[in-house]
Amino acid sequence: MNHWLFKTEPSTYSVEDLMREANQTCTWDGIRNYQARNFIRDQMEVADEILLYHSRCTPTAVVGLAKVVRSAYPDPAQFDHTSPYYDAKSPADNPRWLCVDIQFMNKFITPVTLEVIKKTNVLNDMVLVKQGRLSIQPVTATEYKAVVKFGLG
DNA sequence: GCCAACGTTGGC
DNA sequence: GCCAACGTTGGC
């Protein structure tokens with residue numbers, strides 16, 4: 001099983017929004033970055049566990065957990081003219097962008113802030129710290145366990 | 001809201 | 001296929 005970190009801006013979509021969805025499940029659409037797309041396509045599987053991270057807010061932090069409940073399929077938003085994620089250049093017979101469905105698992109008692117992650121030895125090599133702009137990124141099992149321990153402990 | 005970092009686009 | 005221009009992300 002793989003572990004991931006998904007970023008979201010809480011002003012657009014937050015962990016609380018996910019908790020209010022039917023079955024606490026949503027489609028994680030709108031990923032428009034090839035590196036992130038390739039992770040979804042090549043490595044993401046049902047039951048993979050996800051750290052949900054709130055970006056562009058105060059404080060930026062991992063705020064909860066989710067899991068993959070449907071593996072990669074074409075992102076419907078790329079073909080929807082009314083969507084901000086519409087992509088006129090994506091061929092219908094070979095969709096450029098993929099998405100997964102995720103289900104809420106847990107909301108942290110204590111959000112694990114970027115500040116703490118940077119200060120913690122087992123966490124400060126996370127892709128989050130090294131590669132600031134990647135919105136879907138792999139997390140090692142060790143990193144995952146450490147973040148969960150902070151968040152739920 | 002600013003702006004540095006960095007990914008993408010497109011002319012050549 | 002290089003790289004300047006442009007657009008977006010995200011910490012602060």
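Per chain, numbering begins at 1; letters A, B, ... match sequence-line order. Side chains are part of it too, since the values below use all heavy atoms of this structure and drop only hydrogens, waters and symmetry mates.
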OP1 or OP2 of C:dG11 less than 4.0 angstrom from a side-chain nitrogen or oxygen of A:Y53, does that happen here?
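Looking at the OP1 and OP2 atoms of C:dG11, one of them is under 4.0 Å from a side-chain N or O of A:Y53.
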A:K89 side chain near B:dG10 phosphate (N/O to OP1/OP2, under 4.0 Å):
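For B:dG10, OP1 or OP2 has a side-chain N or O of A:K89 closer than 4.0 Å.
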For A:F104, does the CZ atom have more than 12 heavy-atom neighbours from other residues, nucleotides or ligands under 6.0 Å away?
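Buried by this count: over 12 neighbours within 6.0 Å.
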Side chain of A:K118: nearest nucleotide among B:dC6, C:dC12, B:dT8?
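From the listed options, C:dC12 comes nearest.
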For [X] and [N], what is the distance between atoms [atom1] and [atom2] respectively, to the nearest whole Å?
X      : N      : atom1 : atom2 : answer
A:D87  : C:dT8  : CG    : P     : 13 Å
A:H54  : C:dT9  : NE2   : P     : 17 Å
A:R37  : B:dT8  : CZ    : C1'   : 14 Å
A:F39  : B:dG7  : CZ    : C1'   : 15 Å
A:K130 : C:dG11 : NZ    : C1'   : 18 Å
A:Y34  : C:dG7  : OH    : C1'   : 14 Å
A:N33  : B:dC6  : CG    : P     : 13 Å
A:I31  : B:dG7  : CD1   : C1'   : 14 Å

Establish, yes or no, whether the cationic atom of A:R70 lies under 6.0 Å from the six-membered ring centre of A:Y73 and within 45° of the ring axis.
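Yes, A:R70 lies over the aromatic ring of A:Y73.
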So, the side chain of A:Q43 versus the backbone of A:N2: is there a donor-acceptor pair under 3.5 Å, distance only?
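No; judged by distance alone, with no hydrogens or angles, the pair does not exist.
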Salt bridge flag under 4.0 Å for residues A:D75 and A:R32:
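Yes, charged N to carboxylate O under 4.0 Å.
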